[in-house]
Amino acid sequence: MRIVFVGPPGAGKGTQSARLVDYLSIPHISSGDMLRAEIEAGSETGKQVEQFLSAGKLVPDQLMVSLVAARLIQPDCASGYLLDGFPRTAPQAEALDEILTAAGRAVDIVLEMKVPESILVERVLSRAAQSDSPRSDDNEATVHDRFETYRNSTEPILGYYRKRGICHEIEGVGTMEEVTERIHRVVDKYRLKSG
Ligand code: AP5
Ligand code: MG
């Protein structure tokens, strides 16, 4: 199964993705984690992306697409994967489609996490307060910018998936277990339908 997780910063994509990949035994491909790993490793790519991340800005599409494309050809992705944080722009969604179409495949499910902005800000700031080494983008100024970027660049790609009838809204407020149950309902229904 090929699943795409879409949602604003702090919506719980990472938290719920970790649970869902366990449930489905597929790899978790988090674009944010991939970028942070590049920074950590001090790679050339890491040096290029560091400033974008700290400022809460998206990294250039081409760079992101080439990182994800290289990951998707790994053998563990052959029977499915969960994409967390990618695609985030229209050109990224188009690039993903091209990659999948070339392989005779398609995205099966898009999960759209819905959480009001006030709760998102609280979650991100409390994560920063609890961490010994908080993320450089987990502060009040940046989180509002990340939210704006989500509204302007990412939300519009959902229209494209809705038209294909594969987009499912997930209410992201509630306990983590409640949210997980909502996600399982969608995934189980899909599995029943597709045999
Ligand atoms: P990324 O790492 O993807 O960050 P993000 O989307 O801003 O979201 P977060 O990881 O902060 O939130 P999340 O939805 O995963 O929530 P989480 O589970 O952590 O991207 C970072 C940056 O990388 C971007 O800004 C951009 O610069 C760059 N980037 C990434 N992808 C890119 C792309 N495709 N193109 C270009 N640039 C890209 O939960 C948040 C907190 O809430 C946690 O503390 C958690 O414990 C808590 N929480 C979770 N669920 C609940 C709940 N139900 N109740 C209460 N608390 C909860
Ligand atoms: Mg995340």
Side-chain angles (χ1 to χ4, degrees), residues 3-22 28-40 45-46 48-72 82-96 99 107 110-158 170-183:
I3 302 178
V4 169
F5 239 112
V6 179
K13 300 183 297 295
T15 306
Q16 294 299 330
S17 292
R19 293 174 170 217
L20 189 54
V21 297
D22 242 23
H28 177 189
I29 303 176
S30 158
S31 54
D33 288 352
M34 283 171 82
L35 295 170
R36 285 183 287 275
E38 293 288 338
I39 295 174
E40 189 85 358
T45 308
Q48 283 179 48
V49 304
E50 194 163 14
Q51 282 163 359
F52 290 98
L53 257 81
S54 305
K57 291 195 166 67
L58 296 179
V59 308
D61 285 330
Q62 236 182 348
L63 193 156
M64 193 72 247
V65 169
S66 63
L67 277 177
V68 172
R71 179 67 187 89
L72 296 185
L82 188 161
L83 286 168
D84 161 11
F86 180 94
R88 238 173 167 103
T89 63
Q92 291 180 16
E94 283 157 21
L96 176 63
I99 293 169
V107 173
V110 176
L111 298 169
E112 177 197 3
M113 294 282 281
K114 306 275 274 192
V115 179
E117 186 172 359
S118 56
I119 295 182
L120 297 172
V121 175
E122 254 172 51
R123 283 189 189 172
V124 168
L125 296 183
S126 87
R127 173 172 66 188
Q130 282 164 22
S131 168
D132 293 334
S133 49
R135 279 167 51 170
S136 61
D137 56 349
D138 275 355
N139 55 70
E140 187 138 17
T142 310
V143 81
H144 286 291
D145 287 347
R146 284 155 64 198
F147 197 77
E148 270 307 294
T149 305
Y150 176 75
R151 271 212 195 108
N152 297 332
S153 306
T154 308
E155 249 178 11
I157 69 173
L158 289 165
I170 304 291
E171 169 63 64
V173 183
T175 65
M176 291 178 193
E177 288 68 31
E178 283 166 342
V179 179
T180 304
E181 268 174 41
R182 290 171 196 147
I183 293 170

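Just so you know, ligand 1 is whichever comes first in the structure, and atom 1 is the first atom listed for that ligand.
A side-chain donor-acceptor contact under 3.5 Å links K13 to the backbone of G7. Judged by distance alone, the side chain of R36 and the main-chain N or O of R135 form no donor-acceptor pair under 3.5 Å. A donor-acceptor pair is defined here as one N or O able to donate and one able to accept, closer than 3.5 Å; such a pair exists between the side chain of S54 and the backbone of E50. A distance-only check finds no donor-acceptor pair linking the side chain of R88 to the backbone of S153 [under 3.5 Å]. Counting only distance, with no hydrogens or angles, the side chain of R123 and the backbone of G10 share a donor-acceptor pair below 3.5 Å.
An N or O contact shorter than 3.5 Å is missing between D33 and ligand 1 by distance. Considering both main-chain and side-chain atoms, A11 comes within under 3.5 Å of ligand 1 through a nitrogen or oxygen pair. Remark: ligand 1 and G174 share an N or O pair separated by less than 3.5 Å (distance only, no angle test). In terms of polar-atom proximity, defined here as any N/O pair under 3.5 Å, G85 does make such a contact with ligand 1. Any N or O atom pair closer than 3.5 Å counts here, and G12 shares at least one such pair with ligand 1. Here's the thing with Q16: none of its N/O atoms is less than 3.5 angstrom from an N/O atom of ligand 1. Residue R88 places at least one N or O, backbone or side chain, under 3.5 Å from an N or O of ligand 1.
In this structure, E181 does not pair ionically with R19, as no charged nitrogen and carboxylate oxygen lie closer than 4.0 Å.
Contact atoms of ligand 1 toward L35: 23 (O), 28 (C), 29 (N), 30 (C), 38 (C) (distance under 4.0 Å to a heavy atom of the residue). When each atom of ligand 1 is checked for a heavy atom of G14 under 4.0 Å away, the hits are 13 (P), 15 (O), 18 (O). Every atom of ligand 1 with a heavy atom of S31 under 4.0 Å away is listed here by number and element: 30 (C), 31 (N), 32 (C), 34 (N). Taking a cut-off of under 4.0 Å to the non-hydrogen atoms of K57, the atoms of ligand 1 that pass are 26 (C), 27 (O).
The nearest heavy-atom contact from the protein to atom 8 (O) of ligand 1 is K13 NZ, 3.3 Å. The protein heavy atom nearest to atom 12 (O) of ligand 1 is G10 N, 2.9 Å. Here the heavy atom of the protein found nearest to atom 37 (N) of ligand 1 is V59 N, 3.1 Å. Counting only heavy atoms of the protein, atom 19 (O) of ligand 1 lies nearest to R127 NH1, 2.7 Å.
Considering every non-hydrogen atom in both E38 and T45, the closest pair reads OE1-CB, 3.7 Å. Across all their heavy atoms, P9 and F147 have their closest contact at CG-N, 4.0 Å.
When the options L20, I170, I29, V110 are evaluated for a side-chain contact (heavy atoms from CB on, under 4.5 Å) with F5, the one that passes is L20. Among V65, V68, L83, the one residue that satisfies the side-chain contact (heavy atoms from CB on, under 4.5 Å) test with L96 is L83.
In this structure, T89 OG1 and M64 CE are separated by 10.5 Å, a value rounded to the nearest 0.5 Å. Taking CG of L58 as the start and OH of Y150 as the end, the distance is 12.0 Å to the nearest 0.5 Å.
Between the choices Q130, Q92, R135, R36, the shortest heavy-atom distance to atom 34 (N) of ligand 1 belongs to Q92. The option with the heavy atom closest to atom 54 (N) of ligand 1, from among E50, R146, R123, M113, is R123.
When heavy-atom distances to ligand 1 are checked against a 4.0 Å cut-off, M176 comes that close through both its backbone and its side chain. With a 4.0 Å cut-off on non-hydrogen atoms, M64 touches ligand 1 through its side chain and not its backbone. With a heavy-atom cut-off of 4.0 Å, T15 touches ligand 1 through backbone and side chain alike. Residue D137 touches ligand 1 through its side chain alone, judged by heavy-atom distances below 4.0 Å. Proximity of P8 to ligand 1, defined as any heavy-atom pair under 4.0 Å, is confined to the backbone N, CA, C and O atoms.
A search for side-chain hydrogen bond (donor to acceptor under 3.5 Å, both in side chains) contacts involving N139 returns T142, not counting sequence neighbours.
Heavy atoms of V124 come nearer than 4.0 angstrom to ligand 1 in no pair at all.
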List, one per line, each side-chain donor-acceptor pair under 3.5 Å for residues 114-121, sequence neighbours excluded.
{"residue": "E117", "atom": "OE1", "partner": "R151", "partner atom": "NH2", "Å": "3.4"}
{"residue": "E117", "atom": "OE2", "partner": "H144", "partner atom": "ND1", "Å": "3.0"}

